[in-house]
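Comments concern the structure below.
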2 protein chains.
Amino acid sequence: MGRTANSDREGISELTTGRLSVYLRCLTFLESQGQKTVSSHELAEKFHLNSAQIRKDLACFGEFGTRGVGYDVSRLRRQLVETLGIDRVRNAIIVGAGNLGMALADYAGFNSNGFHIVAMLDTDASKTGKTSRQGIPVVAWERLGELVRRNRVDIGIIAVPGEHAQHVYDALADAGVLAVLNFAPVQIRLRHGVKVKSVDLRINLESLSFHLKNVEDGVIA
Amino acid sequence: MGRTANSDREGISELTTGRLSVYLRCLTFLESQGQKTVSSHELAEKFHLNSAQIRKDLACFGEFGTRGVGYDVSRLRRQLVETLGIDRVRNAIIVGAGNLGMALADYAGFNSNGFHIVAMLDTDASKTGKTSRQGIPVVAWERLGELVRRNRVDIGIIAVPGEHAQHVYDALADAGVLAVLNFAPVQIRLRHGVKVKSVDLRINLESLSFHLKNVEDGVIA
DNA sequence: GCATGTGAATGGATTCACAGCT
DNA sequence: AGCTGTGAATCCATTCACATGC
């Protein structure tokens, strides 16, 4: 079934949206360089992708290209910004003000272009009242509900040890958060309507280890 | 083509090895609980997976199960540890001693069960000589080659801003590092024999944003 | 002519369903 | 009977190839 503009948006895979993010970044760069127009082939070369895939990805949301010419850089960029829903600022909170939480709070990509970290939450009273280097405050865990309501927070970021992750997720869901980025290495039991995306740092290291082992064993040239 | 034990290891996808890591974690837990045996159905329930997939994943490396019974928890765990190549310690260095580098250096999953962070490297002289809270030292960038040689480092972790990532990758490759975990949001131009795995934190947030937008627009219930 | 947009073909990964072992 | 291991079937993503339009 051919996918037409604006229909069937839920059928779009995460693989596709991930690539849209990558294209967006590239277009932002090209725009800053003053480039007016770009073809799917040109984009395909920059990443190691197939040009047809790029065209298909972009065609999901309408026809933005001009045959014989390519895509208008600025227009396509604006379109992707809108498609990804980052044409307005989304507020997020981080749960866990340990090393990882602190690092994420000050991570440039989390505090620009559509995202804003409102605060970190922690149960450790010795941490509350302090701020990250960039000035993101650490707030008592009990204030979760209030914070979410007052700041229209719709993203929660879990940066606590694995054993507390499920509890934090449930509390975030209760507070009204609709999307969660989970850094704890556990499988979260989902609530209806509260999306989770997990980033498992350890798995990536183990994957490299697997590769190294194969190199050492001579399985790979 | 049916895959048989120990043959064709390079043909195993990252999706599979990622799941192996997840199984391993589960088995470690089950072993600590004293459970002796586990079936593919039981594992399938814990994560939201299909039991046939689990059996297929495990069968890539040999026949570890017993028909009518299931898998021996301890034996399978040891097998996965060996398969993933974490039955010995791999040394890693982190390039970039900013917020992210510091957080990763002290991240529990990076300093246990097969991995050891030797040091962080940074060009900023005001950072060198210091250590993370857990005591991982920050060392001058110029000492890269020496450090890699002396400590048999085979994993490099890139935690520098995007504009320096390619340069860092090339330097790591020159120094003899064989596998790189990249946190910079850029497409790395690969060198032969030096594997990269990229973790793009920003893309994950944008993916959640896309989901939120669709919820708001009523595309999803 | 040139590059998009898209059906058709391919290639992989997942799931089904059952033969085979304990 | 129960559960693994696996060919066959299905599903999904990627790539090809070309009709379409600038």
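Given the structure is predicted, the values throughout are model-derived calculations rather than measurements. Just so it is clear: chains get the letters A, B, ... in the order the sequence lines come, proteins before strands, and each one is counted from 1.
Atoms CG (Leu76(B)) and P (dC3(D)) sit 16 Å apart, rounded to a whole Å. For Glu42(A) and dT4(C), the CD to C1' distance is 15 Å, given to the nearest whole Å. The interatomic distance linking Leu43(A) (CG) with dT15(D) (C1') rounds to 17 Å, in whole Å. We find that CG of Leu49(A) is positioned 9 Å from P of dT14(D), with the value rounded to whole Å. Per the geometry, CD belonging to Glu63(A) stands 10 Å off C1' belonging to dT6(C), to the nearest Å. Here dA13(D) presents its C1' atom at 12 Å from CG of Leu15(B), a figure rounded to the nearest Å. One atom, CZ of Phe61(B), and another, P of dT6(D), lie 14 Å apart when rounded to the nearest Å. The NE2-C1' distance, from His41(A) to dT4(C), rounds to 10 Å in whole Å.
In this structure, Ser40(B) reaches the dT4(D) phosphate: one of its side-chain N or O atoms is under 4.0 Å from OP1 or OP2. Contact annotation: Ser39(A) does not reach the phosphate of dC2(C) (side-chain N/O to OP1 or OP2, under 4.0 Å). The phosphate of dC22(D) has neither OP1 nor OP2 within less than 4.0 Å of any side-chain N or O from Tyr71(A).
The side chain of Arg67(A) sits closest to dG5(C) out of dT4(D), dC16(D), dG5(C). Listed nucleotides dT14(D), dT14(C), dG5(C) differ in distance to Arg19(B); the shortest reach to its side chain belongs to dT14(C). Listed nucleotides: dT6(D), dT22(C), dT15(C). Nearest to the side chain of Thr66(B): dT22(C).
Checking Gly65(B) against Val69(A), the closest nucleotide of DNA chain D that is more toward the 5' end is the one next to Gly65(B).
If you check the side chains of Tyr23(B) and Asp57(B), you find a donor sitting under 3.5 Å from an acceptor.
Heavy atoms of Leu58(B) sit nowhere under 4.0 angstrom from any nucleic acid atom.
One can find a donor-acceptor pair under 3.5 Å joining the base of dT15(C) and the side-chain atoms of Lys56(B). With hydrogens and angles left out, the side chain of Arg55(A) and the base of dT4(C) share no donor-acceptor pair within 3.5 Å.
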Q: Report the C-alpha separation of Arg191(B) and Asp170(B) in whole Å, then their side-chain angles, then the decisive distance to 0.1 Å, and conclude whether the salt bridge (charged side-chain N to carboxylate O under 4.0 Å, His left out) test is met.
A: CA-CA 8 Å; Arg191(B) 293 265 202 103; Asp170(B) 290 331; 3.6 Å; yes
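When each of Arg25(B), His48(B), Lys46(B) is checked for a side chain to side chain donor-acceptor pair (under 3.5 Å) with Gln187(A), only His48(B) meets the rule.
Annotation: the span from Thr17(B) atom OG1 to Phe210(A) atom CZ amounts to 6.0 Å, rounded to 0.5 Å. Atom CD of Glu206(A) and atom CG of Asp200(A) lie 8.0 Å apart (nearest 0.5 Å).
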